[in-house]
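Shown next, in structure tokens, is the structure this report addresses.
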Amino acid sequence: MNLKIKFLPYEKLKEEGIEEVMKEVERNTIVMIDGKLSATDEAELIEKTMKKISDKFSGIELSSLELPASAADHPLARIKDSFIELVIGKKRGLTVIGPSRLIKRIKKNPKELFLEMSG
Amino acid sequence: MVLHHLRRWHASLKKLLAALFKTRGDLKIGLYGPVNSGKTTLANAICMDFTGEKLGKVSQVPHETREIQSKEHVEMKVNGKQLTFNLVDTPGIATKIDFEDFLKYGMTKKAAKQRAKEATKGVIESIKWLDRMDLVLVVMDSAEDPVDQVNVTILGNLEARNIPVIIVANKLDVKNSNAHRIRQAFPQYPTIGISAKTGYNMEELYKTVLKTVK
């Protein structure tokens, strides 16, 4: 099986909605988003996943990593992050969503995500 | 973001209105958590202690609880303090349900597919019921890695809805269980280590429930 990975800007996710991400994942694509999904988005994603489960699609592996601005970042960068979060809800971080038959598990530590693939 | 704030505001308003128009007897305490963390075993332990009856069936096969089940009018009495509530046991939340996993437990293909179908509906119901809860006990398996996406999603959604949380570090009777690992992962929540199966430390959990609600 060919491994397909799609890098999706958070802004595009907000435009297209979670349904579009689900379509990609159902086509065996791993979707990486440059931001952390909100808890309510994650719940919506799980609900949509459950509605799509079939003999061929068994669900998703999902992991979100929040990477808040640190004191080492330039003050302007921190202001920019806060502004973006206020306007579009984007939290600095990373989200990985992929089909569970392709990703065995995603291990997470505070600053890293580690994908273990099936087979 | 605006939508997120609206949702939070809406949830807070709903809770305020509910608090104004309901009695203490309508208080709902929910058991949430990943699959096979011991929610129904805990529900049974609580119900046995205060009503003398069990609530649901437990099994090693994942997704045994596929529908919301509740016990009304549970009167918890500990050290002279009392609380009456409805206990709500929810199906385990998962991001994947593969019918083939059930075949390992000797099920027929037809039964496994049916179980998977019911389990998906159960997960959706669990998420929908979040808004109705007044307090949630998030039940985690102390022998498993607590930084699991399901745990993170449940806690995040409860926080977004301003619902009080107690983390129950269950299965302390199991080898390699570690409640401290859960406390380290989620230091912002009260965490009580128990074994719902043996009854270990249940009184401490009851005291924490009474303290959180009153």
Side-chain angles (χ1 to χ4, degrees), chain A residues 10-11 14 17 22 25 35-66 82-91 93 95-114 118, chain B residues 1-8 10-11 32 34-35 63 66 91-102 109-110 112-131 144-161 163 184-185:
Chain A
Y10 184 89
E11 293 75 2
K14 286 286 137 182
M22 282 306 305
V25 175
K36 188 194 175 298
L37 287 191
S38 70
T40 45
D41 282 343
E42 286 171 2
E44 188 188 340
L45 185 64
I46 292 174
E47 280 193 67
K48 286 197 187 315
T49 301
M50 290 300 121
K51 286 176 185 166
K52 288 181 183 290
I53 282 182
S54 65
D55 292 0
K56 289 179 183 168
F57 179 70
S58 63
I60 60 166
E61 282 293 342
L62 152 78
S63 198
S64 278
L65 195 66
E66 188 171 355
S82 302
F83 182 73
I84 291 172
E85 187 180 341
L86 188 73
V87 176
I88 60 167
K90 179 183 177 181
K91 281 187 179 169
T95 300
V96 178
I97 306 159
S100 61
R101 284 196 177 143
L102 205 58
I103 302 174
K104 197 173 172 188
R105 69 173 70 94
I106 305 175
K107 286 189 88 173
K108 180 179 176 180
N109 73 34
K111 289 186 177 176
E112 288 173 330
L113 293 178
F114 179 78
S118 295
Chain B
M1 191 64 186
V2 174
L3 192 65
H4 174 68
H5 281 301
L6 275 175
R7 275 191 188 140
R8 278 190 84 138
H10 181 240
Y32 274 81
V35 179
H63 297 282
R66 299 184 294 284
I93 293 180
T95 59
K96 57 185 175 186
I97 297 171
D98 193 335
F99 79 91
E100 289 184 1
D101 290 340
F102 302 133
K109 211 169 180 177
K110 191 181 171 191
K113 283 185 181 182
Q114 182 61 26
R115 192 180 185 91
K117 194 177 170 187
E118 289 169 9
T120 60
K121 288 180 183 164
V123 173
I124 294 168
E125 278 298 288
S126 290
I127 294 171
K128 289 199 187 312
W129 271 65
L130 270 171
D131 282 324
E144 297 288 331
D145 179 5
V147 194
D148 172 77
Q149 187 60 41
V150 168
N151 289 336
V152 173
T153 301
I154 293 170
L155 290 169
N157 275 277
L158 292 167
E159 195 181 323
R161 290 165 170 82
I163 298 170
Q184 274 185 322

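Proteins come first, then strands; the chains are lettered A, B, ... in the order of their sequence lines, and each starts at number 1. Values below: all heavy atoms of this structure, side chains included; hydrogens, waters and symmetry mates excluded.
A cation-pi contact, defined as under 6.0 Å to the ring centre and within 45° of the axis, links B:K113 to B:F99.
Side-chain contact, A:E42 with B:Q149: a donor N or O sits under 3.5 Å from an acceptor N or O.
Proximity of A:P99 to A:V25: side-chain heavy atoms (C-beta onward) are separated by under 4.5 Å at one or more points. Taking 4.5 Å as the limit, some side-chain heavy atom of A:K48 sits within range of a side-chain heavy atom of A:E44.
At a 4.5 Å heavy-atom cutoff, the contact between B:K128 and chain A is made by side-chain atoms alone. Contact of A:T49 with chain B is made through the side chain alone, with heavy-atom distances under 4.5 Å. Both the backbone and the side chain of B:I97 come within less than 4.5 Å of a heavy atom in chain A. Proximity to chain B is limited to the side chain of A:I53, based on heavy atoms less than 4.5 angstrom apart. Both the backbone and the side chain of A:D55 have a heavy atom closer than 4.5 Å to some heavy atom of chain B.
Around NZ of A:K108, the count of heavy atoms belonging to other residues, nucleotides or ligands within 6.0 Å exceeds 12.
Put simply, of A:L62, A:L37, A:L45, the one with the most heavy-atom pairs under 4.5 Å next to chain B is A:L62.
For the pair A:T95 (side chain) and A:S64 (backbone), a donor-acceptor distance under 3.5 Å is absent. With hydrogens and angles disregarded, no donor-acceptor distance shorter than 3.5 Å links the side chain of A:S100 to the backbone of B:K96.
Every side chain to side chain contact (heavy atoms under 4.5 Å, CB included) that A:R101 has, sequence neighbours left out, goes to A:S58, B:D98.
Using a cutoff of 4.0 Å between basic side-chain nitrogens and carboxylate oxygens, A:D41 and A:K14 are scored as salt-bridged.
The stretch residues 118-126 of chain B places B:T120, B:V123, B:I124 near chain A, each with some heavy atom under 4.5 Å from a heavy atom of that chain.
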